[in-house]
There are 2 protein chains.
Amino acid sequence: MKASDNQALKLGEVDFGILNELTGYWLRWAQLNTYKNIRCFFFDEFDITPGLFGVLEVVGCNPGLTQTAVAKAIGNDRSAMVAIVDKLEKRGLIERKPSETDRRSNALFLTSAGRVFRDRVAGRAWDHNEEFFSMLTAEEHQQFVGLLKRVALAGSPTE
Amino acid sequence: MKASDNQALKLGEVDFGILNELTGYWLRWAQLNTYKNIRCFFFDEFDITPGLFGVLEVVGCNPGLTQTAVAKAIGNDRSAMVAIVDKLEKRGLIERKPSETDRRSNALFLTSAGRVFRDRVAGRAWDHNEEFFSMLTAEEHQQFVGLLKRVALAGSPTE
DNA sequence: CGCTAATTGTTTAAGTGTGCAACTATTGGA
DNA sequence: TCCAATAGTTGCACACTTAAACAATTAGCG
C-alpha cells in the first residue's frame, strides 16, 4: 500500500463554487488526506488499522475496562466491539477475562505481547504525526490541534 | 433526524493515552462531529446528502462536465457517479445529455429546478456554516480554514 | 424475597461507501 | 486498418454503521 495513492486532484481546472467557502468541505478533505496517509503508515509498518490501535491504546491505559465501556469511549456501538476484540485477541494482543463482579461482562487487558506492540506502535505513531504535519510550523501545528479540539468537542455533553 | 444524537462521550473518565497527542485523532473527531451536524442539516432542510449537493454545485459551476470529470474533481471512482447522477436525475435536478463531441460520454447540466434548488441550499449552507463554527471567533475560523487547506492539499500533485 | 426492567455480549440483517475488475461502445493514434 | 485507451455501466468484495433481537445476568423496587 503506497501512501501516495492520491488520485490527481487537478484543482484549478474545476470551479468548486461555494464548496470552497464551506469549512466542512475543507475539514473533510483534510481528514481524508490525513487518514489515508496514517492508515498506510499503520498498515505498512504494523499491519494494523488506526481503529484497532485506538482500542489497544485505550485498553492499555485503562486495564479491566469492559467492551461496552470501550465502545462508548471511542464512539462505537458495542456490537462493533465484538469483531474488534476478536481480531486483537486472535493476534494475541488483548485478553478477555470474565469480570469478577459482573458475570455478564468481559474485562479487557493487554497481554505482555500487546504491551510491547503498543509501545512500539505508539513511539512510531508520534514520530509519524510530527513528520506528516511538517507542512505546518510547530506553532501552527499547536494552534491547529487547539482549534480541532474545540471543534471536536463542540456540542458534546462535557462542554 | 436530530442534530444532537451525540452518544455521550464521557471524556475525562477514560484515559486516551497517546491518542490525545495525535493530531489525526482530533482531526477525525472534529470531522465526525462536524459532518454529523452538517448531514442532519442537509437532510432535515433539503432531504439531500452533502455528497449529492457537492455534485450539484460542481455541475452547476461547470456545465457540460462529463461524469468522469466530476468524479475526478470530487475524488470518487467513476463507477460511484452512476448512482449519484441517477438519484439527482430522478429528482429532476440534473440532466444527462449525450456529448456532441464524444458519443461515449454524458455532458451534465442542472435543470432549471436544479438551479433553483442549488441556490436555495447554497444560501442556507453558508449561513449554517457560520452558525456551526460559532465556537470560534471570526479570526480563529479564518485561521482554521487556512490551516485545513494546507493539510488537505499537502502531498497533492498541485502542491 | 420475587418480579420486572435494564444491561452485557453476541449474532444477524440492512444500508452505505469504497475499490476493483470486467464489459460495451466509442474514440484516438500509429 | 488495427490496437490501445477511454466513458459509462454493472457486479462483486470489503469495511463500517445501525438497528433489532436474543440469552444470561444484574439491579431496582415493592
Side-chain angles (χ1 to χ4, degrees), chain A residues 1-2 5-8 10 28-29 31-33 35-36 38-40 42-43 47-55 59 64-90 94-108, chain B residues 1-2 5-8 10 28-29 31-33 35-36 39-40 42-43 48-55 59 64-90 94-108:
Chain A
M1 194 185 287
K2 291 173 298 180
D5 279 343
N6 267 320
Q7 60 267 26
K10 285 189 190 160
R28 182 158 186 274
W29 275 108
Q31 207 275 329
L32 245 50
N33 194 24
Y35 187 70
K36 187 165 294 189
I38 290 178
R39 200 182 48 201
C40 290
F42 274 98
F43 181 83
D47 192 29
I48 201 174
T49 66
L52 288 184
F53 173 68
V55 170
V59 171
L65 228 52
T66 67
Q67 294 185 194
T68 298
V70 175
K72 272 184 195 159
I74 66 177
N76 263 354
D77 193 273
R78 69 187 197 276
S79 64
M81 286 298 300
V82 180
I84 293 175
V85 178
D86 280 353
K87 283 180 195 166
L88 292 173
E89 205 175 32
K90 205 161 292 178
I94 221 177
E95 216 177 354
R96 280 176 167 107
K97 288 188 184 174
S99 164
E100 296 176 357
T101 64
D102 187 340
R103 275 184 294 177
R104 288 171 304 180
S105 57
N106 298 325
L108 299 178
Chain B
M1 193 184 289
K2 291 173 296 179
D5 278 342
N6 267 321
Q7 60 269 26
K10 284 186 189 163
R28 182 158 185 274
W29 274 109
Q31 206 274 329
L32 246 48
N33 193 25
Y35 188 70
K36 188 166 293 190
R39 201 182 47 202
C40 289
F42 274 98
F43 181 83
I48 201 174
T49 66
L52 288 184
F53 173 68
V55 170
V59 172
L65 226 52
T66 67
Q67 293 184 194
T68 298
V70 175
K72 273 185 196 160
I74 65 177
N76 263 354
D77 194 88
R78 68 187 199 275
S79 65
M81 286 298 299
V82 179
I84 294 175
V85 177
D86 280 352
K87 282 180 195 164
L88 292 173
E89 205 175 32
K90 206 161 290 177
I94 221 176
E95 215 177 354
R96 281 177 167 108
K97 288 187 184 174
S99 165
E100 297 177 354
T101 64
D102 187 340
R103 275 184 295 177
R104 288 171 303 181
S105 56
N106 298 325
L108 300 178

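A straight line from CG of A:D86 to P of C:dT10 spans 7 Å, rounded to a whole angstrom. In this structure, A:R78 atom CZ and D:dC22 atom P are separated by 14 Å, rounded to whole Å. Distance A:D77 CG to C:dT10 P: 13 Å, rounded to the nearest Å. Taking atom OH on A:Y35 and atom P on C:dG19, their separation rounds to 12 Å, with Å as the unit. What separates CG of A:N76 from C1' of C:dT8 is a distance of 16 Å, to the nearest Å. Separating the CD1 atom of B:I74 from the P atom of C:dG17 is a distance of 12 Å, rounded to the nearest angstrom. Protein atom CD of A:Q31 is 16 Å distant from nucleotide atom P of C:dG17, rounded to whole Å. Between the CG atom of A:L32 and the C1' atom of C:dG17 there is a distance of 11 Å, rounded to whole Å.
Shown here are the side-chain contact (heavy atoms from CB on, under 4.5 Å) partners of B:D102, two or more places apart in sequence or in another chain: B:S99, B:R104, B:S105. Here B:Q67 pairs with B:R96, B:N106 under the side-chain hydrogen bond (donor to acceptor under 3.5 Å, both in side chains) rule; sequence neighbours left out. Residues satisfying the side-chain contact (heavy atoms from CB on, under 4.5 Å) test with B:K87, not counting sequence neighbours, are B:L52. Under the rule for a side-chain contact (heavy atoms from CB on, under 4.5 Å), the partners of B:A107 that lie at least two apart in sequence or sit in another chain are B:F109.
Residue B:R96 places at least one side-chain N or O under 4.0 Å from the OP1 or OP2 atom of D:dT9. The phosphate of D:dG8 (OP1 or OP2) has a side-chain N or O of B:T68 nearer than 4.0 angstrom. In terms of phosphate contacts, A:N106 brings no side-chain nitrogen or oxygen within less than 4.0 Å of OP1 or OP2 of C:dT8.
The shortest non-hydrogen separation linking A:P50 to A:Y35 is CG-CE1, 3.8 Å. Here the closest heavy-atom approach between residue A:F42 and residue A:I48 is recorded as CB-O, 3.2 Å.
Within the model, atoms CG of A:N33 and CD1 of A:I38 stand 10.0 Å from one another, a figure rounded to the nearest 0.5 Å. With rounding to the nearest 0.5 angstrom, the CG atom of A:L88 is 11.5 Å from the CZ atom of A:F53.
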Indicate every side-chain donor-acceptor pair of residues 78-85 of chain A with a distance under 3.5 Å to a residue at least two apart or in another chain.
residue, atom, partner, partner atom, Å
A:S79, OG, A:D77, OD1, 2.7

Dump every N/O contact between nucleotides 26-28 of chain C and the protein below 3.5 Å, one line per pair.
residue, atom, partner, partner atom, Å
C:dT26, O2, B:R104, NH1, 3.4
C:dT27, OP1, B:R103, N, 3.0
C:dT27, OP2, B:R103, NH2, 3.2

Enumerate all atom pairs, one protein N or O and one N or O from nucleotides 12-15 of chain D, separated by less than 3.5 Å.
none

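Nearest to the side chain of B:R28, among D:dG8, D:dT17, C:dT10, sits D:dT17.
Looking at heavy-atom distances under 4.0 Å, A:T66 makes contact with sugar-phosphate atoms alone, never a base. Nucleic acid contact for A:S79: base, since at least one base atom lies under 4.0 Å from a heavy atom of the residue.
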